[in-house]
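Everything on this sheet refers to the single structure shown next.
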Amino acid sequence: MLIPSMLPKLSKYLSFTASRDWFYRHSFSLAGLRSVATNLGEGTTMHCWVPKIHYPCKPSLVLIHGFGANAMWQYSEHLRHFITHFNVYVPDLIFFGESFTSRPERTEKFQAQCLMKLMEAHGVHRMRLVGISYGGFVGYSVASQFPEAVDRLVLCCTGVCLEENDMKDGLFRVSSLDEASSILLPQTPDKLRELMKLSHVNPIRGVPSYFLADFIQVMCSNYVEEKRGLIEAILKGRHLSNLPKITQPTLIVWGEQDQIFPLELGYRLKGHIGENAQIVVIKNAGHAVNLEKPKEFTRHLKSFLIDTQPMSPSSQLTLKEQIQKTFAFNK
């Protein structure tokens with residue numbers, strides 16, 4: 001029988017985070033997905049969970065993660081609800097999981113171009129997208145740059161309508177970019193506790209520091225400076241007047257008590273997109289609404305994403321032409 005004093009020593013030899021990560025990998029494989037790393041050229045590689053068998057009769061669904069652990073941790077509770085209806089793709093964005101680049105770009109526009117090139121490599125020309133937090137920034141950019149590629153879009157707690165002055169004006173709980181980075185990229189147990197408190201309405205309390213340190217070591221220690229660059233690129237020079245409007249049917253999902261991207265940004269986004277967007281506010285949930293309220297979150301996604309309408313293949317050639325024109329890779 002283990003005694004509490006033995007756990008910190010045992011954690012040096014047994015990583016609870018790595019064990020859980022293995023469990024998620026196993027569950028993704030059992031769900032019919034396989035792990036694939038795709039070389040996009042020019043020093044860029046993207047990892048993605050892709051269907052072992054792609055069924056042409058099914059539409060494709062791309063699930064884009066936010067900051068935090070890799071994509072498996074953010075979508076593990078939801079995958080089973082969509083796997084029978086869609087060819088599901090779950091990518092790791094650049095500098096997350098096994099995806100990386102030697103290129104200097106850090107914008108969501110570049111992330112979106114990488115994602116589209118990845119989908120093209122897997123023969124996916126039209127899709128439905130779900131983006132959580134930072135993943136929504138990327139998803140919005142995909143819908144803007146490649147409108148023929150995106151059939152429907154879900155944006156969850158995505159502050160894509162924020163402006164550079166919002167931080168100075170006190171909209172956020174943090175007052176500077178450095179403070180935001182220190183919380184979103186926690187490197188100490190105390191900072192991880194702060195992130196949990198900001199992102200959850202009812203965060204788990206009393207988690208031992210060695211568990212948190214283990215999570216940081218496994219999930220938060222790689223590409224720290226590069227991820228800071230991603231955060232900086234989100235905010236720098238951002239103005240709502242420069243944000244392109246999208247026309248795809250869009251579902252906006254928000255936690256009522258989101259302390260990272262306040263609900264005001266959700267209504268701002270709804271107003272920016274206009275009549276093609278609808279917003280759902282989930283009560284007693286914060287920024288991590290997909291983890292705090294997984295059943296309600298999934299119910300809204302299923303209602304919006306699943307239907308019997310076939311998607312027209314006529315746009316595929318148009319999309320290929322657009323990709324060739326848009327990709328910086330081909331310049």
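Just so you know, residue 1 is the first one in the sequence shown, and it goes up from there.
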Decide yes or no for [X] and [Y]: does some side-chain heavy atom of the first lie under 4.5 Å from some side-chain heavy atom of the second?
X	Y	answer
Y55	F86	no
L305	V154	yes
I260	F172	no

Does N284 form a side chain to side chain contact (heavy atoms under 4.5 Å, CB included) with K293? I'd like the steps, not just the answer. CA-CA 8 Å; N284 299 315; K293 300 288 184 178; 4.0 Å; yes

Looking only at heavy atoms, which two atoms of [X] and [Y] are closest? And how far apart?
X	Y	value
V289	C156	CG1-SG, 3.3 Å
S29	W49	N-CZ3, 4.2 Å
C161	L243	SG-CD2, 3.9 Å
T101	R106	CG2-NH1, 4.4 Å
S99	L93	CB-O, 3.2 Å
F146	A112	CE1-O, 4.3 Å

Tell me whether the rings of [X] and [Y] are parallel (<30°), tilted (30 to 60°) or perpendicular (>60°).
X	Y	value
F137	F261	tilted
F211	F16	tilted
Y140	H272	tilted
W22	H26	parallel
H54	Y89	tilted

Give a yes or no on whether the backbone of [Y] and the side-chain of [X] come within a donor-acceptor separation of less than 3.5 Å.
X	Y	value
E164	G237	yes
D151	M127	no
D258	G286	no
D92	A71	yes

Would you check, one step at a time, whether the test salt bridge (Lys or Arg N to Asp or Glu O under 4.0 Å) holds for R268 with E264?
CA-CA 6 Å; R268 190 187 294 179; E264 175 184 331; 3.2 Å; yes

**Prompt:** Out of curiosity, I234 CD1 to S133 OG, how far, rounded to the nearest 0.5 Å?
**Reply:**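 Answer rounded to 0.5 Å: 7.5 Å.
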
Note to self: Set out, in order, the CA-CA distance, both residues' side-chain angles and the distance that settles side chain to side chain contact (heavy atoms under 4.5 Å, CB included) for R103 and I94, then state yes or no.
What the structure shows: CA-CA 10 Å; R103 292 173 60 123; I94 301 296; over 6 Å; no

- More than 12 heavy atoms from other groups under 6.0 Å of CD on Q257: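 Enclosed.
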
Requested in this report: Take atom NZ of K295 as the centre, draw a 6.0 Å sphere, and report whether it contains more than 12 heavy atoms from other residues, nucleotides or ligands.
Outcome: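 No, the 6.0 Å shell around NZ holds no more than 12 heavy atoms from other groups.
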
Can you pull the ring pair (Phe, Tyr, Trp, His ring centres under 6.0 Å) pairs that have at least one residue in residues 219-251, sequence neighbours excluded?
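Sorted result for residues 219-251: F95-Y223.
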
Any donor-acceptor pair under 3.5 Å linking the side-chain atoms of D214 with those of S15?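 There is such a pair between these side chains.
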
Is there a donor in the side chain of S27 and an acceptor in the side chain of R80, or the other way round, less than 3.5 Å apart?
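S27 vs R80: no donor-acceptor pair found between side chains.
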
Exercise. Can we say K197 and E194 salt-bridge, meaning some charged N sits less than 4.0 Å from an Asp/Glu carboxylate O?
Worked result: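 No, K197 and E194 are not salt-bridged.
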
message = Any salt bridge linking R238 with E163? Criterion: basic side-chain nitrogen under 4.0 Å from a carboxylate oxygen.
response =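 E163 and R238: not salt-bridged.
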
query: Given the side-chain rings of F297 and H78, with only the six-membered ring counted for Trp, is the space between their centroids under 6.0 Å?
result: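 Centroid separation for F297 and H78: below 6.0 Å.
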
Item to check | Test log, rule side chain to side chain contact (heavy atoms under 4.5 Å, CB included), inputs L155 and W254 | outcome: CA-CA 9 Å; L155 302 172; W254 225 275; over 6 Å; no

